[in-house]
Protein chains: 2
Amino acid sequence: MSTVSSTADDILACARTLIIAGGYNGFSYADIADVVGIRKPSVHHHFASKVDLVRTLVSRYREEAQAGLSALERNVADPADQLRNYVGYWEACIKDATAPFCVCALLASELPILPEEVALEVRAHFRFLASWLASVMERGKRQGRLHLASTARVEAEGFMATVHGAMLSARAYGDPKMFGTIIRPLLDRLSTRH
Amino acid sequence: MSTVSSTADDILACARTLIIAGGYNGFSYADIADVVGIRKPSVHHHFASKVDLVRTLVSRYREEAQAGLSALERNVADPADQLRNYVGYWEACIKDATAPFCVCALLASELPILPEEVALEVRAHFRFLASWLASVMERGKRQGRLHLASTARVEAEGFMATVHGAMLSARAYGDPKMFGTIIRPLLDRLSTRH
DNA sequence: GCTTAGCTACCTTCCAGTAGGTAGGCAGTC
DNA sequence: GACTGCCTACCTACTGGAAGGTAGCTAAGC
């Protein structure tokens, strides 16, 4: 029942990997067919068009992210630890190279040439992530566990931007450790009084 | 004598705009030919291959960046003002939408699928920019004009990452002001004692 | 007997790149 | 000053391959 069609999931997983490597125009249905082990038209059977595939993929990605952050809120009480956990997730992804970049961050860089349906999903992810970070910042401030230099909203936007920029630097240098090198001082600044 | 061939320059300028919009695979020789007003094979006359074109473009971009930062060092003495000036440059670019993204930052996001010759140039730009920022941080620290929370190198990498991430956020939100919103607190933290 | 999941064969369009030609400019030379 | 040779900057016409996508078939399963 949950394994109705593993092929569609395989296609989505494969497309995600390919998008993370080179963006929307960096892969084709032929690439996916090769990896998944079916013929090109069979990919169309699962996802009628490329826009359809990528929109579904990003939508699914957003659901996972929202579920993941909800779980984080349930399992970790301290706002500072929540931030550390969030960062740790990406640190691990970048280290083991399974998915060393946020799908939405990569697609956002090509926003001007993205099909509108995909662009909408990407923008929605940015708004959601920034809102979640702002709520963590706000709570951390109220509880005296995070020391903000500006408003929760601005601090959240700065945090998100730095995380995305750190992913980019890690990729540019070909050095997974660069992500942590950049983010750790940021966490320290937020969680220690000065 | 300096206007030997403005067509080659037109092609480079056009390609730069197109890359900023959608990356390496987001444009074609046909797109360039349309904008510049010549036929597609005539583009090949100036740049034998697409790799050739983009490598030249990035190489030229790096030269301009290095010249620009050299001029900044000559004209502005205070390290904090140098950072403000650098940020102000991008703020203006994003605001008037002429080139609202760093060519190398965009290409870096697609590094895994970039032709090696282009990838080399992109990585070199990251190293150069980070080195320049580190030297500014170092000097600012010595002169007591910048207050670093960690080493000059780490502070420089964090600064660069935040600038790149802020470009991405401005694009994702479709809001040029977002860049300044994110970067201003960063400049404040570096230039005021706390 | 309808649905699902795959297939082969094919279409149109676009892609980077090539072949080969033309028109004009600028030497040098008789 | 006309002729020759070469160069630059384009052009038309084309190639091979890859792109996204379609038509219509088969085989299996409930």
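In what follows, every chain begins at residue 1, and chains take the letters A, B, ... in the order their sequences are listed. Any value given below was found using the heavy atoms of this structure, including those in side chains, with hydrogens, waters and symmetry copies removed.
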Fill in: For atom CG of A:D10 and atom C1' of C:dA5, their distance in whole Å
13 Å

Practice prompt. Go through the steps to decide whether A:R16 and A:E64 satisfy the test salt bridge (charged side-chain N to carboxylate O under 4.0 Å, His left out), and finish with yes or no.
Written response: CA-CA 13 Å; A:R16 185 184 291 203; A:E64 285 174 27; 3.2 Å; yes

Worksheet entry | Whole-Å gap separating C1' (C:dT8) and CD1 (A:I38) | 14 Å

Practice prompt. Going by the salt bridge (charged side-chain N to carboxylate O under 4.0 Å, His left out) test, name the single residue among A:R84, A:K177, A:R184 that passes it with A:E91.
Written response: A:R184

Item to complete: Identify which nucleotide among D:dG20, C:dC15, C:dA16 has an atom closest to any side-chain atom of A:S28, counting heavy atoms from C-beta outward.
Response: D:dG20

Worksheet, complete the sentence: Rounded to whole Å, the NE2-P distance (B:H44 to C:dA16) equals 7 Å

Worksheet entry | Nearest-nucleotide 5' precedence on DNA chain C, A:H45 against A:P41 | A:H45

Worksheet item: Taking the side chain of B:K40 as its heavy atoms from C-beta onward, which of D:dG20, D:dC11, C:dA16 lies nearest to it?
Response: C:dA16

Worksheet entry | Rounded distance (Å) that lies between atom P of C:dA16 and atom OH of B:Y29 | 8 Å

Worksheet item: Got a salt bridge between A:R123 and A:E116, using NZ or NE/NH1/NH2 to carboxylate O under 4.0 Å?
Response: yes

Worksheet item: Below 4.0 angstrom, N of the basic side chain to O of the carboxylate: do A:E73 and A:R139 qualify?
Response: yes

Worksheet entry | Listed nucleotide nearest any side-chain atom of A:S49, set D:dG21, D:dC10, C:dC15 | D:dG21

Worksheet item: With sugar-phosphate meaning primed atoms plus P, OP1 and OP2, does A:F47 contact a base, only sugar-phosphate, or nothing at under 4.0 Å between heavy atoms?
Response: nothing

Practice prompt. Choose from C:dA5, D:dG20, D:dC10 the nucleotide whose nearest atom is closest to any side-chain atom of B:T7.
Written response: D:dC10

Response to the item:
Whole-Å distance, A:H46 NE2 to C:dT3 P, equals 17 Å

Discussion item. Can you measure A:I32 atom CD1 to C:dG6 atom C1' for me and round it to whole angstrom units?
Written reply: 16 Å

Worksheet item: Between C:dG6 atom P and A:R39 atom CZ, what is the distance in whole Å?
Response: 13 Å

Item to complete: Can you tell me the distance, in whole Å, between the NZ atom of A:K50 and the C1' atom of C:dC14?
Response: 13 Å

Worksheet entry | Stacked cation flag A:K50 on A:F27, 6.0 angstrom / 45 deg | yes

